[in-house]
Amino acid sequence: MSKPIVRFAPSPTGHIHIGNTRVALLNALYARREGGTFILRFDDTDLARSKQEYADSIETDLRWLGIPPDAIVRQSERFALYDAAAERLKASGRLYACYETPEELEFRRKRQLARGLPPIYDRAALKLTDEERKTLHEEGRKPHWRFRLDHVNVAWDDLVRGHCHVDCGSLSDPVLVREDGTYLYTLPSVVDDIDLKITHVIRGEDHVTNTAVQIQIFEALGAPLPTFAHHSLLITASGEGLSKRLGHLSVKGLRDAGLEPQAVASLAVLVGSAEAVRPVADLDELAGLIDFSHISRAPAKFDESELDHLNARLIHEMPYEAVRARLSDIDADLGESFWNAVRGNLTKVRDVVEWARVVRGPVTPVIEDKAFIAAAMDVLPPAPWDATTWKAWTEAVKAKTGVKGKALFMPLRLALTGLEHGPELGALLPLIGPERAKTRLSGQAA
Ligand code: GLU
C-alpha cells in the first residue's frame with residue numbers, strides 16, 4: 001500500500017482548542033506510524049476573518065504537541081486551482097447560477113415548511129430562461145453558484161463509523177461560490193485533497209453530511225476518492241461542545257497553564273477510544289494505540305480536571321533528561337537528585353520553583369518544641385551527607401529523646417522546611433545540606 005498523505009485543515013480564525021488537537025493528532029500520528037506525510041492546510045479563503053497571528057499560533061501549537069507538519073499549504077494562495085475547478089463544473093452543468101436573495105430564499109423556506117415540505121432549495125434557478133437571466137443581470141443581480149447534487153444515496157465505508165450513507169435527495173444543492181466570487185469551504189477542500197493526493201480524510205463527525213456532497217464533487221471532477229474517517233468530537237463534562245470561546249481549553253491556554261503536551265495529547269487521542277485514558281509519554285507509543293475502528297461513535301466526554309491528573313502522573317515518572325533544559329532555565333544547578341526527590345510532589349513542572357526554594361532557601365523554620373530540636377541538632381551526623389543520613393539521624397534522635405513516629409518526623413520537617421508536607425526528607429536533607437540545616441534548626445531563616 002502506498003504511504004498515507006493526510007491533512008489537518010483548520011481555519012486560522014482563532015486559537016485551536018483541545019478538540020482540534022484530537023483531529024490534528026489522529027492525522028499526524030497515523031501518518032507517523034505509517035511512514036506517511038502530514039500536511040497542515042490553512043483553510044483561509046475567508047480573507048477577512050483569517051489572521052496570520054492565528055496561523056502562527058497554530059504552527060506553534062503543533063510544534064509544542066510534537067507534531068510539526070511535513071508541509072504547509074494555504075488556500076489563500078491557491079485560488080487559481082479553485083477557479084479552474086469551478087469552471088469545469090460550470091461547463092459540465094454541475095455548477096449553476098442562482099439569483100435569489102436571502103430574503104427570497106427565507107420566504108420560500110417558510111412556505112415549504114408551512115406546507116409540511118422539507119425546506120430544500122427548489123432549483124428554481126435551473127428553470128430560468130436566457131431572457132430572465134438577462135433581465136436579472138441588467139437589474140445588477142450577481143449570481144451565487146450551487147452544485148447540482150445527484151439525488152442518490154451516497155455510501156462509503158468509514159474507518160470509524162463503518163458503512164455510511166447519506167440520501168442526497170434530502171439535501172439542498174450546496175452553494176459553492178458566493179455572489180462576490182468567494183468560495184465556501186466545500187469546493188476548495190476537495191480540490192486540495194485531489195491536488196495534494198490526500199489518501200485519508202480524517203476529521204470530526206460534524207463533517208459526515210459534507211462528505212456525501214464532497215464525494216459527489218470528487219466524482220464530478222473525475223478524481224478517485226480518499227478513505228474517510230469521521231471521529232467523535234470532544235465535549236466537556238457538562239456536555240458542552242468546544243468552541244473557540246472556551247479560551248482556557250485552547251492549546252495556548254493549556255500550555256500557559258503549565259500542562260505537558262503529552263498530557264494533552266494522551267487525553268485528546270485516548271478519550272472515547274477502546275484504550276483507558278492514561279498518560280503516554282511517547283508519541284510513537286500513542287500512535288500505536290490509534291485504532292479507528294474502535295473510536296466510539298458517541299461524543300467523547302472529558303473532564304478538564306483529568307488533565308491535571310494525567311499531567312501529575314506523567315511528571316511523577318518523568319526522567320531527569322526530559323526536563324533538564326527546563327530546570328536549568330529555572331536554576332542552573334537543579335540536578336538529577338533534586339528532580340528525583342521532588343517530582344512525586346508536582347502537578348506541573350513549574351511548581352519545582354517552590355521546592356527549589358525549600359532546598360535553597362529562604363525557609364522560615366517553624367519550631368514549637370525548642371528543646372527537642374536542640375537535642376536533635378546535637379546528634380546531626382557529620383558531613384558529607386547522603387541518602388542514608390536522614391535514617392541515621394532520626395535513629396539517633398529517637399535513641400536520645402525516646403520520641404518516635406510522627407511526633408519525631410513532623411517537628412523536624414517543620415523546622416527544616418517550614419511546611420507540613422513535602423518530598424521525602426531522606427532525599428531532601430542532603431540537598432538542604434548541613435549548613436542550612438543547622439541554621440534552620442537553630443530557628444533562623446535560611
Ligand atoms: N476547515 C475545516 C474545519 O476546520 C476542515 C474540515 C476538513 O477536514 O475537511 O472544519
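Along the sequence shown, residues carry numbers from 1. Just so you know, ligand 1 is whichever comes first in the structure, and atom 1 is the first atom listed for that ligand.
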**Study point:** All side-chain hydrogen bond (donor to acceptor under 3.5 Å, both in side chains) counterparts of R133, not counting sequence neighbours
**Key:** none

**Study point:** Side chain to side chain, Y183 and F79, heavy atoms closer than 4.5 Å
**Key:** yes

Check your understanding: Quick one: does ligand 1 sit under 4.0 Å from the side chain of Y185, the backbone, both or neither, non-hydrogen atoms only?
Key -> side chain

Exercise for review: Can you sort out which atoms of ligand 1 are near S189, meaning under 4.0 Å from one of its heavy atoms?
Suggested key: 9 (O)

**Study point:** For D43, the ligand 1 atoms whose distance to one of its heavy atoms is below 4.0 Å
**Key:** 1 (N), 2 (C), 5 (C)

Exercise for review: Among all protein heavy atoms, pick out the one at the shortest distance from atom 10 (O) of ligand 1; state its residue, atom name and that distance to 0.1 Å.
Suggested key: H207 NE2, 2.8 Å

**Study point:** Q214 touching ligand 1 at heavy-atom level, < 4.0 angstrom
**Key:** no

**Study point:** Pairing of K3 and E34 as salt bridge, 4.0 angstrom limit
**Key:** no

Exercise for review: Would you mind checking if E317 and R278 are paired as a salt bridge, meaning a charged N to carboxylate O distance below 4.0 Å?
Suggested key: no

Practice item. Check each atom of ligand 1 against the heavy atoms of R203 and keep those under 4.0 Å away; list them by number with element. Key: 7 (C), 8 (O), 9 (O)

Practice item. Could you tell me how the ring of Y121 sits relative to the ring of Y96: parallel (under 30°), tilted (30 to 60°) or perpendicular (over 60°)? Key: parallel

Check your understanding: Any idea how F8 and F38 line up, ring-wise: parallel (<30°), tilted (30 to 60°), or perpendicular (>60°)?
Key -> parallel

Practice item. For A9, take its heavy atoms, then give the atoms of ligand 1 lying under 4.0 Å from any of them. Key: 1 (N), 2 (C), 3 (C), 4 (O), 5 (C)

Check your understanding: What atoms of ligand 1 come within less than 4.0 Å of a heavy atom belonging to R7?
Key -> 7 (C), 8 (O), 9 (O)

